[in-house]
Amino acid sequence: MRSSQRSDRRTLSSAAGGGASSGKKSAISRLSMTDATRALTEEDDPDSGRVRVAVRVRPKNDEEISHDSEFIDCLELQPELRRLKLKKNNWSSESYIFDEVFTESASQKRVYEAVAKPVVECVISGYNGTVMAYGQTGTGKTYTIGSLGKDNSSERGIMVRALEDVLTETSAGVDTLSVSYLQLYLESIQDLLAPDKNNIVLTKDTKSGEVCLLGATVVEIRDIDQFLEVLQIGEGNRHAANTKMNARSSRSHAILVVHIQRSLKAKDENDFLAVDMNKAEESSHNIKSKLLIIDLAGSERIDESGVDGQMLEEAKFINLSLNSLGKCINALAENCPHIPTRDSKLTRLLSDSFGGTARTSLLITVSPSASHYSQTSSTVMFGQRAMKVMNLLKLKEEHNSESKYRKLEYQRDHLISQVERQDKDKVQLERRLHERETILAAVERKLLEAEKKLTEATKKTSAVSEKKVEVMKTLVGKEQKSLGADVEKRLAELLELASKKLSEATKDIELLAEWQNHHSPASNGRAKFLATWFAFTLITLFSLLFIL
């Protein structure tokens with residue numbers, strides 16, 4: 001496995017800390033504002049169905065580094081404008097706009113997030129998706145797509161990173177994730193996980209219209225370590241050979257098929273799908289999606305690769321299949337009525353990826369060397385034509401009619417029982433309402449009676465109060481009259497008594513006066529004093545009687 005990626009790793013991993021050359025920076029600084037504006041206005045909506053195309057330039061290889069003085073760069077990159085300039089010579093160049101332009105220093109993570117991650121997110125949401133690498137032999141396709149990164153996780157390719165994201169977003173025990181790993185070799189589809197299966201049949205599902213691979217080994221994936229083991233087994237069975245272009249050149253198209261099945265969960269309690277059937281397998285609404293990750297064999301010229309014998313046959317089949325793919329893309333870009341998808345198994349397999357319902361991202365890899373100008377130009381033009389292909393994205397939903405019918409019956413019975421329960425509750429509520437209305441009427445009646453009684457009581461209280469006042473006045477008058485009569489009677493008695501006393505006193509005074517006349521003069525003075533005192537006493541007594 002390590003030897004299969006040695007050449008790619010030599011050319012790309014050395015770029016981790018590198019940057020664009022000073023000549024490229026100066027060329028970018030000389031770019032006119034008109035060109036920059038035109039590049040930005042040519043950008044499409046990333047959510048459209050158009051095939052997205054990115055270009056990645058490999059770093060110089062060992063041979064180019066050793067002959068640095070003789071190395072001539074045929075590319076000028078302007079990544080901030082997503083532009084690539086292909087230089088024919090020192091005074092002539094062609095500019096091309098892509099969705100992304102990666103320099104030789106671009107990391108594996110950045111390439112994945114820009115090229116493959118949007119496709120993976122679509123697949124998780126229920127759409128089919130394709131990520132594919134196309135380019136000349138030795139430009140880093142296998143490194144970009146299939147690197148396992150065992151010694152350095154930062155070197156992990158698109159396959160590993162995509163499965164990591166899918167495993168993160170799916171739920172174990174509810175969703176299912178499975179993979180098949182195949183190769184297209186000499187126009188024959190072979191199973192990389194079961195080498196004895198060397199003629200997998202391509203067929204079209206009459207219901208879904210999708211291309212199926214009958215008999216391919218399907219492995220259910222539970223974690224990323226298991227997936228790495230599957231990839232390692234598959235890479236060990238893939239055809240590769242040493243050529244002038246690459247120490248270990250892939251002689252087949254590697255195809256990883258990822259199948260995802262997810263159960264949709266209702267978000268609303270009132271949603272019909274929210275009815276619990278207590279059986280997850282009976283869910284009538286699932287989404288099934290498929291992700292293709294394809295590492296195409298390198299396009300190459302026979303005279304440049306220097307192959308012969310069996311390898312020459314391999315090169316012919318590789319070029320024929322790539323040529324068929326190019327014809328299909330040209331026909332789609334020009335809106336031709338006939339698309340020659342049946343010319344090869346590769347184009348049949350990719351019929352949904354180009355012009356179909358899948359979301360597709362294409363990564364083209366190129367060499368910076370002027371000695372490979374022809375192949376680089378051909379690859380760039382292939383990417384430009386692919387950008388004109390439009391797909392109609394379609395959600396892949398699966399409905400189980402039997403399960404759905406049972407679920408609808410259950411829902412119907414459930415709703416009927418709810419209606420009956422509501423009717424019963426309605427009758428009870430109406431009865432309670434009637435009872436409350438009756439009680440309220442009785443209370444209102446009693447309240448009116450109480451108000452009447454209160455009014456009558458108030459009137460009676462007023463009448464009683466008036467009578468009481470009159471009685472009190474009468475009683476007071478009577479008491480006053482009775483008291484006056486008693487006082488008059490008492491005064492009369494006192495006057496009569498006083499008169500008697502006065503008569504007796506007068507008699508006594510007269511007797512005393514007579515007695516005094518017969519006695520001495522001294523006694524006469526004393527008698528006068530007593531008479532005076534007695535008279536004053538009587539006057540005081542009469543005064544008191546008068547006051548009373």
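All values reported here derive from a predicted model rather than from experimental measurement.
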Participant: List in chain and number order the residues that pass ring-ring contact (aromatic ring centres under 6.0 Å, His included) with Tyr112, two or more places apart in sequence or in another chain; answer none if no residue qualifies.
Facilitator: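 Tyr112 satisfies ring-ring contact (aromatic ring centres under 6.0 Å, His included) with no other residue.
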Participant: Would you say Glu210 and Asn128 are linked by a side-chain donor-acceptor pair, where the criterion is simply a distance under 3.5 Å?
Facilitator: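 Asn128 vs Glu210: donor-acceptor pair found between side chains.
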Participant: Under the side chain to side chain contact (heavy atoms under 4.5 Å, CB included) rule, what do Leu363 and Thr144 come out as? Steps first, then yes or no, please.
Facilitator: CA-CA 9 Å; Leu363 177 70; Thr144 302; 3.3 Å; yes
Participant: So, using ring-ring contact (aromatic ring centres under 6.0 Å, His included) as the criterion, who are the partners of Tyr96 when residues are at least two apart?
Facilitator: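 If we apply the ring-ring contact (aromatic ring centres under 6.0 Å, His included) test to Tyr96, skipping adjacent residues, there are no hits.
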Participant: Which value, rounded to the nearest 0.5 Å, describes the distance between Gln183 atom CD and Asp295 atom CG?
Facilitator: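 CG of Asp295 is found 11.0 Å from CD of Gln183.
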Participant: Show the numbers, then the answer: is there a side chain to side chain contact (heavy atoms under 4.5 Å, CB included) between Met132 and Phe354?
Facilitator: CA-CA 11 Å; Met132 187 171 70; Phe354 293 94; 3.4 Å; yes
Participant: Are side-chain heavy atoms of Leu292 and Val257 found at a separation under 4.5 Å?
Facilitator: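 Contact flag for Leu292/Val257 side chains = yes.
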Participant: Within a strict 4.5 Å, meaning less than it, do heavy atoms of the Ser92 and Asn89 side chains meet?
Facilitator: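 A side-chain contact under 4.5 Å exists here.
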Participant: If you measure from CD on Gln261 to OG1 on Thr170, what distance do you get to the nearest 0.5 Å?
Facilitator: 12.0 Å
Participant: Please check if any side-chain donor atom of His239 sits under 3.5 Å from a side-chain acceptor atom of Ser250, or the reverse.
Facilitator: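 Looking only at side-chain atoms, Ser250 and His239 do not form any donor-acceptor pair under 3.5 Å.
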Participant: Do Leu148 and Arg156 come within less than 4.5 Å of each other through their side chains, counting heavy atoms only?
Facilitator: no
Participant: With side chain to side chain contact (heavy atoms under 4.5 Å, CB included) as the test, pick out the partner of Ile294 among Leu350, Leu362, Val131.
Facilitator: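 For Ile294, the side chain to side chain contact (heavy atoms under 4.5 Å, CB included) test succeeds with only one of Leu350, Leu362, Val131, which is Leu350.
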Participant: Just so I know, are the side chains of Ser178 and Val219 near enough to count as touching, which here means a heavy-atom distance under 4.5 Å?
Facilitator: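 Result no, sub-4.5 Å side-chain heavy-atom pair not found.
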Participant: Measure the spacing between CD1 of Ile329 and OG of Ser324 and express it to the nearest 0.5 Å.
Facilitator: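 With rounding to 0.5 Å, CD1 (Ile329) is 11.0 Å from OG (Ser324).
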Participant: Please name the residue in the list Thr217, Asn199, Asn198 that meets the side chain to side chain donor-acceptor pair (under 3.5 Å) test with Asp191.
Facilitator: Thr217
Participant: Which distance, rounded to the nearest 0.5 Å, do you find between the SG of Cys212 and the CG of Leu202?
Facilitator: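 It is 9.5 Å, given to the nearest 0.5 Å.
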Participant: Let me confirm one number: the CZ-OG1 distance from Arg56 to Thr139, rounded to the nearest 0.5 Å.
Facilitator: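 Those atoms lie 10.5 Å apart.
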